[in-house]
Structures are given as C-alpha cells and as structure tokens.
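For reference, the structure discussed in these notes is given below.
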Amino acid sequence: MRLATLRAGKSHILYDADSLCDAGKAPQIGPSTFDPGWWQAQGRITGQAPGRGASLFLNAGNGEEWVLRPYRRGGLMARLSEARYLWTGLERTRAFRELRLTVDLHARGLPVPRPVAADVSHHGLTYSAALITVRIPGARALASLLENGEADDDLLQRVGATIRRFHDVGLDHVDLNARNLLVDEGGKVWLIDLDRCRLRPDGAWKERNLERLERSLVKFGAPDAMTAIRKGYALG
C-alpha cells in the first residue's frame, strides 16, 4: 500500500495510490470522490448503513464496493456543529489519523477493511472530513446476528479471539460495540470504525474496551454472550 496526497482547493486528500491507479472504472481521485451528490448523479449508490453519519455504499466500478463515511459529531457537541471540527493541523485531523492507523493495522494482517482515501476540507478554524474504505462482501454486524439468534458460542469465541489480536498489538478501540464488529460469509470477524482509536502500551484500557462491548451486548438483548467472548479472548 502506497499512500499519496493531493490538494485541490480546500480539500486535502490522503489516498492509496496503488489501489486507485489500477481501479479501472473507479472515479479519478478528487473532491468529487467524497461527494454523495456526484455518486447519486452517476447512479452508483447501492445502499446505506445504519447509524449516525449515514455511511453510503458505492459501486466503485472495479468489481468492489466502497463505504463512504462522513465524520459526524454526537452528543452535546452536535448541537454546536454536527460536521465541523476544530482545526489543529492536517495530520491531527480525525480522518488522516484514522486512515493512517487503518493502513498500519492492514499491513500487519489484522482484519480491518482496506483503506482507500480520506478527505479533509479546511474551513478557517474548522474542518469537515470523510473516509472511504472497501466494503467487506456479505458482512453483517454482530448486533444483527445477536438480534436474530444467529451468533453461537463458536462465533462469539472467535469474536473474543479477534479482539485479543487487536489488543495484543496495542489497539485501544474507544467505541468497541456490537455494530463495529462484522462477520463475513465465511465466518471471519472484522473490526471497523477506528475513529479516535490509537495504539498504546498495555494497560487498563483493555478491560474498559471489553466492558464497553458488554454494555453494547446488553443493549442488543444478549448479555450472556460476553461469557463466550471472554473465553475466546482468554484463549487468544
């Protein structure tokens, strides 16, 4: 994976040059790549993911789909601005940091979506941003599997073992929940949404990650699922 940068007006784009150079019918990289209106005009929006931010599924034109995710605030800060963040430098923006972290984890062979590009639009003291990754074919959120009674102990133990792999390299996933764990058609577990996550030394954050996931399982009606997940986590 070879990262390159492009500046076009207010947009600063960090992207995987290897992926886009051989993308066939994929769009030329530029601000329009992150514009839902452009994709809509081309008839290439194939769906939408649930949750804040309304991530879009895109027909990339090269036999794969992309996920376009705009950065959106939640909580009280969203009342001030849903899509703007304080500018403190390009490399400190959430989009650039998430893309570089995803590239790092992907290079280590960890199950994260392949990153495509990040866009940061600078507006004086603030910025807005979006991220594109490759959609995992046939993947479903663990939350959906739990709600439909399709998550057995074997799968839950694989979830735990996958989380352990990320913890072993030092990934603190600050929003570890049942929607950010995906399971593909072959039963492989993936971790998504690395916004605000970081690599750090061993510490109490690992247990905080697991406790956050446990609260999520309760929300989706599966409090007992954590027992199998912790078993898989312990076995590694």
Is the [atom1] atom of [X] crowded by more than 12 outside heavy atoms at less than 6.0 Å?
| X | atom1 | result |
| --- | --- | --- |
| Arg92 | CZ | no |
| Arg140 | CZ | yes |
| Leu125 | CG | no |

If you round to the nearest 0.5 Å, how far is [atom2] of [Y] from [atom1] of [X]?
| X | Y | atom1 | atom2 | result |
| --- | --- | --- | --- | --- |
| Leu14 | Arg97 | CG | CZ | 14.0 Å |
| Glu91 | Arg100 | CD | CZ | 4.0 Å |
| Arg198 | His173 | CZ | NE2 | 14.0 Å |

Under 4.5 Å between any side-chain heavy atoms of [X] and [Y], yes or no?
| X | Y | answer |
| --- | --- | --- |
| Glu214 | Arg230 | yes |
| Leu171 | Leu110 | no |
| Trp190 | Val112 | no |
| Leu156 | Asp224 | no |
| Arg215 | Glu211 | yes |
| Ser144 | Asn148 | yes |
| Pro111 | Arg165 | yes |

| Would Thr93 and Tyr85 satisfy side chain to side chain contact (heavy atoms under 4.5 Å, CB included), going step by step from the backbone distance to the final call? | CA-CA 8 Å; Thr93 60; Tyr85 299 85; over 6 Å; no
| field | Lys10 backbone acceptor or donor facing Ser121 side chain under 3.5 Å | value |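 No, the answer is negative, given that no donor and acceptor are paired below the 3.5 Å cut-off.
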| Would you say the side-chain atoms of Trp39 pair up with the backbone N or O of Thr33, donor to acceptor, closer than 3.5 Å? |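 Flag set: sc Trp39 to bb Thr33 pair under 3.5 Å.
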Among [options], find the residue that satisfies the side chain to side chain contact (heavy atoms under 4.5 Å, CB included) test when tested with [X].
| X | options | answer |
| --- | --- | --- |
| Ser55 | Arg72, Gln48, Arg135, Arg69 | Arg69 |
| Tyr233 | Ile163, Val159, Leu213 | Ile163 |
| Thr102 | Leu194, Ile192, Val116 | Leu194 |
| Trp66 | Asn59, Val134, Leu56 | Val134 |

Please tell me whether [X] and [Y] are part of a single hydrophobic cluster in this structure, the criterion being side-chain heavy atoms less than 4.5 Å apart.
| X | Y | answer |
| --- | --- | --- |
| Phe166 | Leu182 | no |
| Val103 | Leu105 | no |
| Val174 | Leu210 | no |
| Val189 | Ile229 | yes |
| Leu58 | Ile136 | no |

Where do [X] and [Y] come nearest, in terms of heavy atoms and distance?
| X | Y | result |
| --- | --- | --- |
| Ala95 | Ala118 | O-CB, 3.7 Å |
| Leu155 | Gly187 | CD1-O, 4.4 Å |
| Ala228 | Asp153 | CB-OD1, 3.9 Å |
| Arg200 | Arg208 | NH1-NH2, 4.1 Å |
| Ser216 | Ala178 | OG-N, 2.9 Å |
| Ile13 | Ala117 | CG2-CB, 4.5 Å |

| task | Mark yes or no: Arg94 above the aromatic ring of Tyr71, with NZ or CZ under 6.0 Å from the six-membered ring centre and no more than 45 degrees from the axis. | result |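 No - Arg94 does not lie over the ring of Tyr71 by the 6.0 Å and 45° rule.
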| field | N-O pairing of Asp154 and Arg158 below 4.0 Å | value |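 Salt bridge between Asp154 and Arg158, a charged N being under 4.0 Å from a carboxylate O: yes.
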| Any ion pair linking Arg179 and Glu147 (charged N to carboxylate O, less than 4.0 Å)? | no
| request: Check the pair Asp168 / Arg164 against salt bridge (Lys or Arg N to Asp or Glu O under 4.0 Å), numbers first and verdict last. | output: CA-CA 6 Å; Asp168 284 348; Arg164 174 66 180 271; 2.9 Å; yes
| field | Near-ring test Trp205/His167, centroid separation under 6.0 angstrom | value | yes
| task | Take Ile132 and Tyr15 through the side chain to side chain contact (heavy atoms under 4.5 Å, CB included) test and state the conclusion after the steps. | result | CA-CA 9 Å; Ile132 294 176; Tyr15 65 99; over 6 Å; no
| message | Quick one, Leu3 with Leu99, criterion side chain to side chain contact (heavy atoms under 4.5 Å, CB included). Give me CA distance, side-chain angles, the key distance, then yes/no. | response | CA-CA 10 Å; Leu3 291 181; Leu99 187 130; 3.8 Å; yes
| task | State, without any angle test, whether His12 and Tyr127 hold a side-chain donor-acceptor pair at a distance under 3.5 Å. | result | no
| request: Can you spot which of His123, Arg84, His122 makes a side-chain hydrogen bond (donor to acceptor under 3.5 Å, both in side chains) with Ser128? | output: His123
| Knowing that exactly one of Asp175, Asp172, Asn177 qualifies, which makes a side-chain hydrogen bond (donor to acceptor under 3.5 Å, both in side chains) with Asn209? |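 Only one option passes, and that is Asp172.
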| request: For Leu191 and Leu176, run side chain to side chain contact (heavy atoms under 4.5 Å, CB included): C-alpha distance rounded to whole Å, both residues' side-chain angles, the deciding distance at 0.1 Å, then the answer. | output: CA-CA 9 Å; Leu191 186 61; Leu176 188 62; 3.7 Å; yes
